[in-house]
Amino acid sequence: MFSKKECVAMLLAGGQGSRLYALTEKDAKPAVSFGGKYRIIDFPLSNCVNSGIDTVGVLTQYQPLTLNEYIGNGQPWDLDRMSGGVTVLPPYQAKDGADWYKGTANAIYQNLNFINRYSPDYVVVLSGDHIYKMDYSRMLDYHKANNADCTIAVIDVPLSEASRFGIMYADKENRIYEFAEKPANPKSTMASMGIYIFNKNMLEQYLINDAKDPASSNDFGKNIIPTMLNDGARMFAYPFEGYWKDVGTVNSLWEANMDLLGSEPTFDLYDKNWRIFSRNHAYQAQYIGSDAIVENSLVTEGSEIHGTVINSILSGGVYVAPGAVVKDAVLMDGVRILSGAHVTNAIIDGGTVVGIGAVVGAEAAEDGTRKVVVIGNGVTVEPGTCVEAGAIVSANNQ
C-alpha cells in the first residue's frame, strides 16, 4: 500500500553528456563531481528535499553504475523513507518486451506505474544535469494559482545564446502562446530550464498518446509541449531569477566551479537555510604544509598541499607536491600533482597523476579567451609531458 502524495518528482538522470568528453566515458553526466564535495545530481535532489517533495524517481540509463551506487537508499538527502523516498528507475523488460528510453517523454511514460503508485495530483519533471537552488513548492503554488495544465520554469538568457535552448513566447500574464525548440533566429530570451510541473492526469494522457505516434521523437521539448500548446492547454512560464547553469559543456562546468570562489561567490553554497546534501567519504582533515601557498580556493578534507594552489577547486584526497603549481583548475578525488608540475585552466578527473615537471594547460589569452584541458579518470601524465591548452586526454587516447 502506497500513501497518496500531492506531488511526485521525476528526475531525468540518464544523459550521456558527450560534450564533457573524457569526464563521462565511464559515468553519466549527473554523476560528475562538482565543487569539491558534490556531484551534479546533488542539486536537484537537495532542491526536492528542501522544497518538501519526498518522493523522487531517478531515471537512469547511460553508464548508471556509479550513479546508482551514489544514490543508494537516499539517506544523505533524507530520502530513505518508508513511503516515497528515492527510487532508481532504469529501463526494464516488461511483458511486451524491453526498450531503452527513447526520449525524455518516453522515459516518463515507461514509469507511469511508479507515478500512479502514489496517486499524485501533480508531477514535477526535472533534469539531473543543472547547477542551481530552487524552491519547487513556490513553483507549484504558482501553477495552482494559474489553474495551469503545465508550468515551465524559464530564465532570461543573452540573445546570442538563446538558440541553444527551448524558447518561450508568453503574454503579460506569462501564459505561453508559442514555443520553439532551439530556434535558429530566436525572438525571445525566455529560455526553458527543463523544469516542468504537470497536472498528473493530463500528463498521463499526453504521454500515452505520444507513445502511440510512430513519428514522435518522444521528447518533451519536441513533442509534448508543442502538442499541448496546439491543443489550447493552459501553459504558463514561471520566471526564475536565481543562479542556474547548464553544465553540459567543458567550459560551462569549469565556469560553474569558478563561480563558487571568492568572498562573495556568484553561486553561494553557504546558505544554511538551503543546504546542498551529498554522500561524502570519511576523509581525514586537510593538511596545508608550511611552505604551501593557497589563495582563493576551496580545499576539501583529505587533501595535502605543499605547493601553490590559486583560484582552484580541490576535491577530497588531492595531493599537491612541493614546487607544484595549480591555478584556475578543478581537481577531483585523489588527483596527485607531483613536484614541479604546473596545471592551469584544467579539469582533472579522479585518480589521475600529473608527473614530475609536467605542464598541463596554459593561461588565458589577452582577450580573456581560455581553452580548458580535460583529463579523464585514472590517467597518468608522464613526467615532463606538455599537455596543450584545450586538449582532451583519456585513458583510451594516451
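Quick caveat, the model's predicted, so the values are computed rather than measured.
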- Message: Less than 4.5 Å apart, side chain to side chain, heavy atoms only: is that true for R39 and S278?
- Response: no
- Distance only, no hydrogens: is a donor on one side chain within 3.5 Å (strictly under) of an acceptor on the other, for T344 and D328? no
- Item | Spacing of CG belonging to L269 relative to CZ belonging to R275, to within rounding of 0.5 Å | 12.0 Å
- Query: Do L260 and M134 belong to the same hydrophobic cluster, where Ile, Leu, Val, Met, Phe, Trp and Tyr are linked whenever their side-chain heavy atoms lie under 4.5 Å apart, directly or via other members?
  - Reply: no
- Query: Taking everything shown except K187 itself, do over 12 heavy atoms lie less than 6.0 Å from its NZ?
  - Reply: no
- Message: Tell me whether V58 shares a hydrophobic cluster with I115, the cluster being built from Ile, Leu, Val, Met, Phe, Trp, Tyr side chains joined at under 4.5 Å.
- Response: no
- Note on the structure: Interatomic distance, CD@E304 vs CZ@R336, rounded to 0.5 Å, equals 8.0 Å
- Are V309 and V318 side-chain neighbours, meaning at least one heavy-atom pair lies under 4.5 Å? no
- Item | S216 backbone acceptor or donor facing D210 side chain under 3.5 Å | no
- For Y101, the option from T60, N111, N218 that meets side chain to side chain donor-acceptor pair (under 3.5 Å): N111
- When you look at M228 and M235, which way does the side chain to side chain contact (heavy atoms under 4.5 Å, CB included) test go after all the steps? CA-CA 8 Å; M228 291 183 72; M235 307 183 71; 3.6 Å; yes
- Query: Atom OG of S312 and atom CG of L261: how far apart are they, to the nearest 0.5 Å?
  - Reply: 7.5 Å
- Message: One thing to verify: whether D42 and R279 come together as a salt bridge, which I'm taking to mean a side-chain N less than 4.0 angstrom from a carboxylate O.
- Response: no
- Query: Are side-chain N/O atoms of N146 and Y238 paired as donor and acceptor at under 3.5 Å?
  - Reply: no
- Could you check D349, T380, V381, I347 and say which one makes a side chain to side chain contact (heavy atoms under 4.5 Å, CB included) with I375? V381
- Message: Please report the interatomic distance NZ(K5) to OG(S119), rounded to the nearest 0.5 Å.
- Response: 11.5 Å
- Query: Rounded to the nearest 0.5 Å, how far does CG of D54 lie from CD of E6?
  - Reply: 11.0 Å
- Query: Would one find more than 12 heavy atoms of other residues, nucleotides or ligands at under 6.0 Å from atom CD of E388?
  - Reply: no
- Item | Nearest-0.5 Å distance that lies between atom OH in Y142 and atom CD1 in I197 | 11.0 Å
- Side-chain heavy atoms under 4.5 angstrom apart, residues restricted to Ile, Leu, Val, Met, Phe, Trp, Tyr: same cluster for Y109 and V56? no
- Search all heavy atoms of G262 against all heavy atoms of P265 and return the closest pair with its distance. O-CD, 3.3 Å
- Message: For R175, I'd like to know if atom CZ has over 12 heavy atoms of other residues, nucleotides or ligands within 6.0 Å.
- Response: yes
- Checking D259 side chain against F267 main chain: does a donor-acceptor pair fall under 3.5 Å? no
- T385 side chain vs A358 backbone, donor-acceptor pair below 3.5 Å: no
- Query: So with a 6.0 Å cut-off around NZ of K371, is the heavy-atom count from everything else above 12?
  - Reply: no
- Specify the closest pair of heavy atoms between A28 and A13, including all atoms of both residues, with the distance to one decimal. CB-O, 4.1 Å
- From the list T151, I53, L140, side chain to side chain contact (heavy atoms under 4.5 Å, CB included) partner of V124 resolves to I53
- Message: Please check if the number of heavy atoms outside Y177 that lie under 6.0 Å from its OH is greater than 12.
- Response: yes
- Task: Kindly indicate, with the supporting measurements, whether the criterion side chain to side chain contact (heavy atoms under 4.5 Å, CB included) is fulfilled by V86 and R81.
- Result: CA-CA 8 Å; V86 67; R81 306 293 182 95; over 6 Å; no
- Task: May I ask you to check whether D367 and T369 show a side-chain donor-acceptor distance below 3.5 Å?
- Result: yes
- Message: Tell me whether K133 at atom NZ has more than 12 heavy atoms from other residues, nucleotides or ligands lying less than 6.0 Å away.
- Response: yes
- Task: Classify the side-chain pair Q110/N106 by whether it contains a donor and acceptor separated by less than 3.5 Å.
- Result: yes
- Task: State, yes or no, whether a side-chain contact exists between L11 and P30 at a heavy-atom distance under 4.5 Å.
- Result: no
- Quick one: which of Y243, F34, W274 gives a ring pair (Phe, Tyr, Trp, His ring centres under 6.0 Å) with F43? F34
- N230, CG: over 12 other non-hydrogen atoms inside 6.0 angstrom: yes
- Message: Set out, in order, the CA-CA distance, both residues' side-chain angles and the distance that settles side chain to side chain contact (heavy atoms under 4.5 Å, CB included) for T308 and K327, then state yes or no.
- Response: CA-CA 8 Å; T308 299; K327 183 180 179 184; over 6 Å; no
- Message: Can a donor-acceptor pair be found, under 3.5 Å and without considering hydrogens, that links the side chain of N377 to the backbone of G350?
- Response: yes
- Task: Consider only side-chain N and O atoms of N116 and E204, and report whether a donor and an acceptor are under 3.5 Å apart.
- Result: yes
- Test side chain to side chain contact (heavy atoms under 4.5 Å, CB included) on R117 and T55 and set out the steps. CA-CA 11 Å; R117 280 179 166 185; T55 304; over 6 Å; no
- Query: Would you say Y70 and L253 are hydrophobically clustered, going by side-chain heavy atoms of ILVMFWY under 4.5 Å?
  - Reply: no
- Task: Hey, can you tell me if Y287 and H306 have their rings parallel, tilted or perpendicular (30° and 60° cut-offs)?
- Result: tilted
- So, S303 and T300: side-chain donor and acceptor under 3.5 Å apart, yes or no? no
- Task: Give a yes or no on whether the backbone of E295 and the side-chain of S297 come within a donor-acceptor separation of less than 3.5 Å.
- Result: yes
- Message: Is there a path of hydrophobic side-chain contacts, each under 4.5 Å between heavy atoms, that joins I40 and M193?
- Response: no
- Query: Counting N and O atoms only, with roles assigned by atom type, does the side chain of Q63 sit under 3.5 Å from a partner on the main chain of E25, one being a donor and the other an acceptor?
  - Reply: yes
- Task: Report yes if the distance between the aromatic ring centroids of F198 and H143 is under 6.0 Å, otherwise no.
- Result: no
